[in-house]
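Worksheet for the structure shown next.
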There are 2 protein chains.
Amino acid sequence: MIAERGLAGLKTRDLAREIGCANGAVYNLVTDVDELILRVGSRTLLRLDEALSAAEQAGERSPQETLVRIALTYCDFAAENLELWRALFEHRMEVDKALPDWSVNDQMQLFRHIYQPLTALFPKRSPEELGITARSLFSAVHGMVALGLEQKLVAVPLPALRKEIAALVRAMIDGLVARAA
Amino acid sequence: MIAERGLAGLKTRDLAREIGCANGAVYNLVTDVDELILRVGSRTLLRLDEALSAAEQAGERSPQETLVRIALTYCDFAAENLELWRALFEHRMEVDKALPDWSVNDQMQLFRHIYQPLTALFPKRSPEELGITARSLFSAVHGMVALGLEQKLVAVPLPALRKEIAALVRAMIDGLVARAA
DNA sequence: CAGCGAACTTGAACATCGTTCAAGAAATAT
DNA sequence: ATATTTCTTGAACGATGTTCAAGTTCGCTG
């Protein structure tokens, strides 16, 4: 239902009807809609992880082109799974309630894919520094995808967005390498 | 109320009590909560615009450092106006309802600040190309700020985030300039 | 198979929202 | 002073997440 109608289109009563039970029975499977959303997010992250893993392996081995490939795969995944991908970031818990451990763990895994190629590019940097660089790079690409796929402003055609992402990732890496030297 | 309790903390009844009228009377000022949120967003964008304008003028005139200053100002603004800034991006209209014109107009203005320094760096590029580059750069910085200020993952200390943003903006520009040459 | 307890299921009920609207109050025009 | 327009009120409606007492089913044991 999230995939079809977005986070806001997920209603417990509709869900209950779809799976064939009373609305109250949903709460035997899940304590909250929050948990439900996080569980869906977990699956989405798993599929995203698989896509990024494939991108990491396939194609040219050069670290730079691997990173470009990963960024484009992220873009494609977001475009093809728009609502599910949005749900990962749109959802906010109430302030007091903490994320369950399994959910927190999920999210850390994403930077892993970027980490590997970065070690090849920056052999001098410490693991902590590399982790920070990885997160920065990921965040920058995420921003381009997020605003690029937003309907609110003028919608950017996907091929143009991909081109921009590839260009900026190459530029970022060029720049980082040049400054590290 | 958005500033204090976030978008989800905005309730028409609380709002009516605060401004001293019946809850129904809110709809004389505004047709929707959607419109209310957009109007608040308009004010936020105006203040953001002022902050970015100041950053554009002040300090070193070099285009590169101007862009770094603008990026850091954006980061600071988001941190200091966290909930209001989030409201700009969290809010989604129903699919059928269109944004009013005054709201669409607001959003375009942001890239303006980046555009100017970019023309100095890339005199060969066409206005359309520059516009695209401007949006890419903005989106990348936006992503770093968005994920950096997210409480969901490990919260990044603000000084570290600023350092990362400055480093990546410089790297992006270095890289773009090098590839343009 | 009968009986018992645990687990599940149901759907009504509750609280909280945004939104509407008839009825009354206030302001303004004649 | 009266009529007309405008504003204000707060009850009511429909959605929605969540809870819960009552009913139902299931699995085990004698």
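The basis for the numbers below is simple: all heavy atoms, side chains too, and nothing from hydrogens, waters or symmetry mates. To find a chain, count down the sequence lines: A is the first, B the second, and so on, and within it residues start at 1.
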(message) Is the shortest side-chain heavy-atom distance between B/R162 and B/D76 below 4.5 Å?
(response) yes
(message) A quick test of your reading: do over 12 heavy atoms of other residues, nucleotides or ligands sit less than 6.0 Å from CZ of B/R112?
(response) yes
(request) Would you mind reading off the distance between B/L15 atom CG and D/dT9 atom P, rounded to a whole angstrom? (result) 13 Å
(request) Could you state the atom-to-atom distance from CD1 of A/I19 to C1' of C/dC8 in whole Å? (result) 13 Å
(request) Rounded to the nearest angstrom, tell me the gap between atom CG in A/L7 and atom C1' in D/dT16. (result) 15 Å
(message) Please report the distance, rounded to the nearest Å, between CG in B/N28 and C1' in D/dT5.
(response) 14 Å
Would you be so kind as to tabulate the donor-acceptor pairs closer than 3.5 Å made by side chains of residues 21-29 of chain B, with sequence neighbours excluded?
none

(message) Over 60° means perpendicular and under 30° means parallel, so tell me whether A/F89 and A/H142 are parallel, tilted or perpendicular.
(response) tilted
(request) For side-chain contact (heavy atoms from CB on, under 4.5 Å), just list the numbers for B/H91 and B/L38, CA-CA rounded to whole Å, side-chain angles, deciding distance to a tenth of an Å, and then say yes or no. (result) CA-CA 9 Å; B/H91 178 59; B/L38 290 177; 4.2 Å; yes
(message) Taking atom CD as the centre, does A/E65 end up with more than 12 heavy-atom neighbours from other residues, nucleotides or ligands that are less than 6.0 angstrom away?
(response) yes
(message) At under 4.0 Å between heavy atoms, how does the protein contact nucleotides 11-20 of chain C? Give one character per nucleotide, 5' to 3', with B, S or -.
(response) BBB---BBBB
